[in-house]
Asks: 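There's a structure below that I have some questions on.
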Amino acid sequence: MFLARDPASLDRALAGARRRRRRVGLVPTMGALHAGHETLIRESLHRCDRTVVSIYVNPLQFDSAADFGRYPRPLRRDLAVLRRLGVDVAYCPKPSVFPAGCALRVTEPRVSEILEGRVRPGHFEGVLTIVAKLFLQVRPTHVFFGEKDFQQLWLIRRLLREFRFGIELVAVPTVREPSGLACSSRNELLSARGRRRAAEIYHALSSAARRAGSGGRPVSIVAQVRRRLMEKKIRPEYIVLVDPVDFTPARRLIRPGARPRLLAGCRIDGIHLIDNISIP
Ligand code: PAF
């Protein structure tokens with residue numbers, strides 16, 4: 001595996017593949033790799049001729065220095081995982097590649113401001129800015145993102161479309177721990193009890209989704225999730241049903257075939273966790 005620390009070494013590593021117009025897959029990550037990342041990487045290895053995994057804990061997308069500081073950074077372990085999986089290039093940009101105070105940002109004024117954007121102001125501006133830069137540096141043919149970060153996925157799809165990057169987006173379903181908890185690097189920060197409680201987020205979402213089916217009323221679906229979480233002493237930061245196409249809250253009766261998405265954000269042990277599920 002080639003370890004690239006700046007765009008010039010990345011260009012050297014990918015020159016042959018680009019010249020021969022090979023499929024180059026990019027899996028952007030912030031490290032602390034888990035089973036969810038492994039699924040994204042395997043998907044890229046399966047579909048592409050070369051797979052690049054970027055590891056960069058992006059300060060722009062954290063709304064507090066404390067959250068940025070405590071984000072797990074097990075780089076040595078992560079690189080061992082990438083080698084084991086057979087990744088071609090690990091891109092771990094050194095700090096000078098994205099200097100602090102870089103002025104240009106990519107913003108989206110509507111979807112970026114709600115839900116996760118409200119809980120974590122500036123988060124999506126940070127994500128879109130760094131992801132656009134990674135796309136320009138790696139110049140992949142395919143990019144791989146997980147459905148767990150459903151709002152992020154929607155915004156990245158929008159970024160690719162509006163800026164006409166010419167990159168194919170592959171959305172990969174959420175990978176879960178046996179308890180149902182969605183895999184996330186943040187799970188490492190939970191206590192054993194917190195981890196058990198966190199699995200309730202998925203159970204609350206999935207039992208409401210099962211009961212809803214088509215024709216359910218969004219307010220009662222949301223109320224069911226809230227009730228179940230409150231019973232388990234989990235206070236949600238938001239619960240919402242959105243139309244997956246335009247990302248507007250679904251307010252009326254669910255149209256047959258619309259497949260709205262039920263999303264929740266909660267704080268457990270002081271750690272912000274998210275999950276989402278499709279309404280059948
Ligand atoms: O989903 C993530 O891990 C991050 O938001 C991403 C896409 C790697 C950008 O820093």
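As the structure lists them, so they are numbered: ligands from 1, and atoms in each ligand from 1. All heavy atoms count here, side chains included; hydrogens, waters and symmetry mates do not.
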Asks: Partners of Arg77 by salt bridge (charged side-chain N to carboxylate O under 4.0 Å, His left out), sequence neighbours excluded?
Replies: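 Applying salt bridge (charged side-chain N to carboxylate O under 4.0 Å, His left out) to Arg77 gives Glu188.
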
Asks: Hey, is the main chain of Arg105 close enough, under 3.5 Å, to the side chain of Thr129 for a donor-acceptor pair?
Replies: no

Asks: Dump the pairs for me: ligand 1 N or O, protein N or O, distance under 3.5 Å, to 0.1 Å.
Replies:
{"residue": "ligand 1", "atom": "1 (O)", "partner": "Gln152", "partner atom": "NE2", "Å": "2.9"}
{"residue": "ligand 1", "atom": "5 (O)", "partner": "Gln61", "partner atom": "NE2", "Å": "2.9"}
{"residue": "ligand 1", "atom": "5 (O)", "partner": "Gln152", "partner atom": "OE1", "Å": "2.8"}
{"residue": "ligand 1", "atom": "10 (O)", "partner": "Gln61", "partner atom": "OE1", "Å": "2.6"}

Asks: Would you list the pairs meeting ring-ring contact (aromatic ring centres under 6.0 Å, His included) in which at least one residue belongs to residues 123-150, sequence neighbours left out?
Replies: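 Every pair satisfying ring-ring contact (aromatic ring centres under 6.0 Å, His included) with a residue in residues 123-150: Phe135-Phe165.
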
Asks: Restricting to salt bridge (charged side-chain N to carboxylate O under 4.0 Å, His left out), what partner residues turn up for Glu200, sequence neighbours left out?
Replies: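 Once residues adjacent in sequence are excluded, the partners of Glu200 under the salt bridge (charged side-chain N to carboxylate O under 4.0 Å, His left out) criterion are Arg228.
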
Asks: Would you find a donor on one side and an acceptor on the other, under 3.5 Å apart, between the side chain of Ser278 and the backbone of Arg261?
Replies: no

Asks: Considering residues, nucleotides and ligands other than Arg267, do more than 12 of their heavy atoms fall under 6.0 Å from its CZ?
Replies: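 Yes, because the 6.0 Å sphere around CZ of Arg267 holds more than 12 heavy atoms from other groups.
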
